[in-house]
Amino acid sequence: MVLARWGGCAYCSGPAEVLDHVRPFEHGGRDVESNLVAACHRCNGLKSSLSLAEWAVTANTERE
Ligand SMILES: [Zn+2]
């Protein structure tokens, strides 16, 4: 089970429930292990298809 390699969600302290693409397919990401991290359902849903950098910006400007 590949999820077991991560101790939990890469973005928060939640459980490792799904595999998330660090670089989404739309941004040229590939379905390789180096492009995958574990995430919880909540973070995976929030991040959606944004790249990690885009998502970080979005998360920091949510109060706008
Ligand atoms: Zn999370």
Side-chain angles (χ1 to χ4, degrees):
M1 184 57 175
V2 68
L3 284 176
R5 289 185 48 197
W6 288 276
C9 174
Y11 308 115
C12 75
S13 55
E17 296 173 319
V18 295
L19 282 173
D20 182 56
H21 289 87
V22 175
R23 179 183 287 268
F25 285 118
E26 301 92 289
H27 294 269
R30 293 195 297 156
D31 197 13
V32 295
E33 215 171 298
S34 61
N35 191 40
L36 295 170
V37 294
C40 65
H41 284 300
R42 178 178 158 273
C43 287
N44 189 53
L46 285 172
K47 183 170 170 291
S48 187
S49 63
L50 298 173
S51 74
L52 200 58
E54 288 171 332
W55 183 68
V57 169
T58 301
N60 287 332
T61 57
E62 217 168 49
R63 64 182 177 277
E64 276 182 30

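First listed ligand is number 1; within each ligand, the first listed atom is number 1. Start at 1 with the first residue, then count along the sequence.
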* **Side-chain donor or acceptor of Asn35 paired with backbone N/O of His21 under 3.5 Å** => no
* To do: For residues Gly8 and Ala38, report the shortest heavy-atom separation together with the two atoms involved.
  => O-CB, 3.7 Å
* Structure fact -> In short, Cys12 meets Cys43 closest at the heavy-atom pair SG-SG, 3.7 Å
* How close do Val37 and Tyr11 get, heavy atom to heavy atom, and via which atoms? -> CG2-OH, 3.5 Å
* To do: Indicate yes or no for a side-chain donor-acceptor contact from Asn44 to the backbone of Asp20 under 3.5 Å, with no hydrogens or angles considered.
  => no
* With the Zn ion (ligand 1) as the centre, enumerate protein N/O/S atoms below 2.8 Å in chain and residue order. => Cys9 SG, Cys12 SG, Cys40 SG, Cys43 SG
